[in-house]
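I have placed the structure first, in the form of structure tokens, so that the comments after it can refer back to it.
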Amino acid sequence: MEQALKQKKWEYTFRWSEYPGHSRELVSAAIQDSPELIIALGGDGTVHEVIDEYYKKSTERAIPISTFPLGTGNDWARYWKIPHRMADWLQ
């Protein structure tokens with residue numbers, strides 16, 4: 001992911017969750033920084049935490065959210081037809 005973002009010349013900050021529920025705290029903090037995009041890297045649990053917290057903390061300015069599937073089941077990604085290959089996802 002990092003190599004692909006560098007090739008696209010995107011500015012980014014990674015924030016890693018360390019325990020269940022931590023993704024919620026990270027999203028809440030990220031929203032305060034007014035990013036152009038939030039990307040959840042992970043499985044269904046991570047995606048759920050990120051999207052749920054985003055909507056709880058939604059601001060006047062909508063921040064796009066994307067996900068990249070890294071979990072074992074990835075039901076969310078499969079349902080929404082989110083590519084599992086980085087090159088396809090970036091398109």
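Along the sequence shown, residues are numbered consecutively beginning with 1. Every value quoted in this text rests on a predicted model; they were computed, and no experiment measured them.
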Heavy-atom closest pair, residues [X] and [Y]:
X   : Y   : value
S17 : S23 : CB-OG, 3.4 Å
E49 : G21 : OE2-N, 2.9 Å
G43 : N74 : CA-OD1, 3.8 Å

Should [X] and [Y] be regarded as members of a common hydrophobic cluster, given that ILVMFWY residues are connected when their side-chain heavy atoms come within less than 4.5 Å of each other, either directly or indirectly?
X   : Y   : result
V50 : W76 : yes
L41 : W89 : yes
I65 : V47 : yes

Distance-only, no hydrogens or angles: does the W80 side chain make a donor-acceptor pair with backbone N or O of T67 under 3.5 Å?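 No; zero donor-acceptor contacts below 3.5 Å.
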Main-chain N/O of I63 paired to Y54 side chain as donor or acceptor, under 3.5 Å: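 Judged by distance alone, yes, a pair lies under 3.5 Å.
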Which residues pass the side chain to side chain contact (heavy atoms under 4.5 Å, CB included) test with [X], sequence neighbours left out?
X   : value
D88 : P83, R85
R78 : D75
L5  : M1, W10, Y12, F14
A29 : none

Does anything in residues 35-46 pair up under side-chain hydrogen bond (donor to acceptor under 3.5 Å, both in side chains), and if so which pairs, sequence neighbours excluded?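 Sorted pair list comes back empty.
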Side chain proximity check, K57 to V27, heavy atoms < 4.5 angstrom: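 K57 vs V27: side chains apart.
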Do the non-hydrogen side-chain atoms of I82 and F68 ever get within less than 4.5 Å of each other?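 No, their side chains stay 4.5 Å or more apart.
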Contact list for residues 10-21, test salt bridge (Lys or Arg N to Asp or Glu O under 4.0 Å), sequence neighbours left out: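 The answer is R15-D33.
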Return the CD to CE distance between Q7 and M86, rounded to the nearest 0.5 Å.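 Reported to 0.5 Å precision, the distance equals 10.5 Å.
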Can you list every ring pair (Phe, Tyr, Trp, His ring centres under 6.0 Å) pair that touches residues 21-46, not counting sequence neighbours?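 Applying ring pair (Phe, Tyr, Trp, His ring centres under 6.0 Å) to every pair that reaches into residues 21-46, excluding sequence neighbours, yields Y19-H22.
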Please list, chain by chain and in numerical order, all residues satisfying salt bridge (charged side-chain N to carboxylate O under 4.0 Å, His left out) with D52, sequence neighbours excluded.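 Once residues adjacent in sequence are excluded, the partners of D52 under the salt bridge (charged side-chain N to carboxylate O under 4.0 Å, His left out) criterion are R24, K56.
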